[in-house]
Amino acid sequence: MTDDDEHRLARVTELAKRRGFFFAANEPYGGVAGFWTYGPVGAALKRNVEQRWRERFAHEEGHMEIQSPTIIPEPVFEASGHLDDFTDWVIECPTCETSYRADHLVEGTGEVEDAEGLSASALESLIDELDISCRSCGDSLQGISVGEFNLMFSTAIGPGKGEPGYLRPETAQGTIVDFPRLLEYARGDLPFGAVQIGPAYRNEISPRRAIIRVREMTQAELELFYDPEEDEPPLGAVAAVELELYPVEAQEGDGEHRRLTVAEAVDGGIIDNPWIAYYLGVATTWFHEIGVDPAKLRFRQHLPGERAHYAADCWDAEAYLDDDWIELAGFAYRTNYDLNKHHEYSDGSYTVFKPYDEPVTVERATVDPDMAMLGPEYGAAAADIASALEALVETNPNAFETGDAVTIEAAGETHEIALETTGYTVETVTESGEHIMPHVTEPAFGIDRLVYTLLEHNFHEDVVDGEPRAYLELPPTVSPNVAGVFPLVDADGLPERARALADRLASAGLPITYDERGAIGRRYRRQDEIGTPFCLTVDHRTLEDDTVTLRDRDSTKQIRVEMVEVPEVLRSLRSGEMSFEAVAANTEAVDREGNS
RNA sequence: GCGCCGAUGGUCCAGUGGUAGGACUCGAGCUUCCCAAGCUCGUAGCCCGGGUUCAAUUCCCGGUCGGCGCACCA
C-alpha cells in the first residue's frame, strides 16, 4: 500500500486544481476567501452527487422538490430567529486585539446564564460590573464597546435604500416559509416532504480548508412535515442498517463510538426521534453507495449547548477528513418551532386540518358581544370589554350561567355587563377534526463537503508496471465520466472507428470522453486521475471482429466486449446494476497487449 | 478576527538588488504501439499597492490569497 495519509488536503487540492475539480474563484483579481469555482470534472461530479441525492431523498421517498429564492426579506428572518441568533456579540481587547464573543465571556463568569439574548449595552454593563478581563493578556475589558457580527449576508431589495433582505443561510427557511402552499399541493395530508437543492450563504469569519468551509455552498435539504402524534417513518426498511453512533453520553463518557443497527438505536432510546433514526439509516446506505468510506463515517449527536436555536435534537453525519471529523450533514428535529413562528408573525396559516375518524359533537359556550350597546355605553373601553368577554367564556363559561350579568375586568375597571348584551349562547357544534401544527425533521446535506469527501476518501496511489499511479476510486454512479474512448494508435483508421464509437455513446446519453493524443498509457492515467472507471480502446483486432477492450480503472484488468454491446454494458455499469467483475465473468479476458 | 509561516510558468519547486531556472504537464514533429518510454523543438511565470533605490521578483510597509494555531462554525 503506497497510500499515504499525510497531507491529503494539500494533495487532493493540488489534484483538484490541476485536473479541473475546483479552484479558487476570481483568481485574476486576487480572489476572495471562501468562494470556489467547480471546473469541468468537478461540476460533473457535483451534479452527479446532487442527482443521486435527488433520486434517493426526493424521488424514492415520494417527496416534492422546489426552488425558492436565495434572497429573503428581513421579516422572515425576524420570525425564524436567524436575525437574533445568527448575530454574535463580539468584543475586542484593545491591548492584544484578541476578539471574543461577549456573551460567552459573561456566561463564563458563572454569574449569568444564556447571555446570548442580551443587548449590546446590557452585555457592556455586565462586563463592567463583573470586571471581566481579557483571557489572553489579562487587561480589563471595562468600558470596551460590544459590536455585532451577523453571519448572514445582507443586501437591499429595490432602489434607494430598499427593503432590507438577506441571502439565505440555509435553503430550509425558503421551504418552510412556503408551507401553506406546499400543504395544498400535498392535498392537505401529512406526512409530506419537500426538498430543495441550491446555494446558501454564510459570511464566515474564517473560510478554511479548500471547499470544506466556504461562504457560498450548495445544500440539499429535506423538510419532512408530520404529525408527531400519529405519523411514523417506515423504520422497517432500514432497521438492519448498522450505524456508527457517537451519542452525547459517549462524548461525555468513554469517548467510544456505538455500533448499532437502526432498530437497536431506536429500541435502546439512543435516538429519540424516529424520523432522525430513519434518515440516519437511509443516509448511511446512500453515503456508502456514492463512495464515502464507511470506516470514516460516523453520526455524532449535538451536545445540548451546541444545538441551533430551532433544534430539539440534532445528529451530524461526520466524515474523517484531513485528520479531523468534519460535518457532512445534519439531521435536526426542528419540532414545530419554525412553523409556529411563521404562523405567529406572518399572515399565513401553518396548521393542518386533521379530520377525526368520527365527527364529535360538543357543546360550546360562545359570546357575541353586542357592540351597538357596548360602544355608546363604554366608548373607548368597549373593544377591551368585548375581548375580556371572549376570554372569559373560554376560561370560565359558568360565569355566564349565574345571574343576569357578568362581572369582568377591562381597561383597569370592573364592569357589570348584562347577559343579553354578551350574546352568550351554548351551541351544539359538530367538529369533524382539529387543526394541528406539524413538526419538522430535517436532513440537511452540505454538497460541497461531500464532493470533497469523495475526492479525499477515494484518492489512492499504487504502482502499475513499475510506474506510480494516482487514481480516484469514485463509484461509476458519480464519476464525472463513465468511460474514456481511445484508438490504440493514431493510425490505420483506428481514430475514425474510435471516434464513431464515442459519438454513438455520447448520443446514447453516456458521459464519455474521447482522446487520441499521446501514448495509450498516458491516456489511461489521465482518466484514472479524474476517476473515470472504464476505458474503451479500439485496436487492430477491432477491424477484424468488431470488439474493443474494456479496461477497469481499479484493477487495470481488461476484457473484450462486442462493439454493439458497449452502450448497454456501459449503461449497466454506470447505474450500478452490474459490476466490472460481473461483466467480466461472461466475457473474454485479455492481457495487457489486448490478446486472449 | 488575532498570531506564525508562505505566495516564482498549468502543477510542484530552486534562485536573484541589474526582470529568472529545473522537473512534470501542455502543444508540434520523429519514433514507439495496451498502462505517465525516448529524442528534437515550442508555449508559458516572479500576487497586488505603496516606499527605499539609478534599478525591486528580491529589502521595508500595507493589502489580498493560502496553510497552521487560537477564536468562530447559528
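For clarity, every value in this text was computed on a predicted model and none was experimentally measured. Below, chain A is the first sequence line, B the second, and so on; all start at residue 1.
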*Close approaches to RNA chain B from residues 206-216 of chain A, in residue order (heavy atom, under 4.0 Å)*: A/S206, A/R208, A/R209, A/A210, A/R213

Is [X] near enough to [N] that one of its side-chain N or O atoms lies under 4.0 angstrom from OP1 or OP2?
| X | N | value |
| --- | --- | --- |
| A/R18 | B/U11 | no |
| A/R11 | B/U11 | no |
| A/R469 | B/C35 | no |
| A/K17 | B/C12 | yes |
| A/R522 | B/U25 | yes |

Between [X] and [Y], how do the two ring planes meet: parallel, tilted or perpendicular, split at 30° and 60°?
| X | Y | result |
| --- | --- | --- |
| A/Y350 | A/F179 | parallel |
| A/F153 | A/Y201 | perpendicular |
| A/H82 | A/H309 | perpendicular |
| A/W325 | A/H257 | perpendicular |

Between [Y] and [X], is the closest basic N to carboxylate O distance under 4.0 Å?
| X | Y | value |
| --- | --- | --- |
| A/R18 | A/E529 | yes |
| A/E204 | A/R213 | yes |
| A/R334 | A/E221 | no |

*asked:* Only Watson-Crick and G-U wobble pairs with both distances less than 3.5 Å should count. Give RNA chain B in dot-bracket notation, marking inter-strand partners with |.
replied: (((((((..((((....[..)))).(((((.......)))))....(((((..]....))))))))))))....

Nearest to the [X] side chain among [options], which nucleotide is it?
| X | options | result |
| --- | --- | --- |
| A/T556 | B/C35, B/A28, B/C12 | B/C35 |
| A/I205 | B/G1, B/C33, B/G27 | B/G1 |
| A/R19 | B/A37, B/C35, B/A36 | B/A36 |
| A/L9 | B/A36, B/G67, B/C73 | B/G67 |
| A/A33 | B/C65, B/A36, B/C35 | B/C65 |
| A/E204 | B/C33, B/C73, B/C26 | B/C73 |

*What's the spacing between A/F486 CZ and A/R526 CZ if we round to 0.5 Å?*
8.5 Å

*asked:* Please check: side-chain N/O of A/R553 versus main-chain N/O of A/L474, any donor-acceptor pairing under 3.5 Å?
replied: yes

What's the gap between [N] and [M] when it is taken at their [atom1] atoms, as a whole Å value?
| N | M | atom1 | answer |
| --- | --- | --- | --- |
| B/U43 | B/A20 | P | 15 Å |
| B/C13 | B/G18 | P | 25 Å |
| B/G66 | B/C12 | C1' | 15 Å |
| B/C30 | B/C68 | P | 48 Å |
| B/U58 | B/U16 | C1' | 6 Å |

*asked:* Using a distance-only criterion (donor-acceptor N/O pair, under 3.5 Å, no hydrogens), is the base of B/C35 paired with the side chain of A/R551?
replied: yes

*Check the distance between B/U32's P and A/R523's CZ and give it to me in whole angstrom.*
16 Å

_By the 4.0 Å heavy-atom rule, please label A/H309 as base, sugar-phosphate, or nothing._
sugar-phosphate

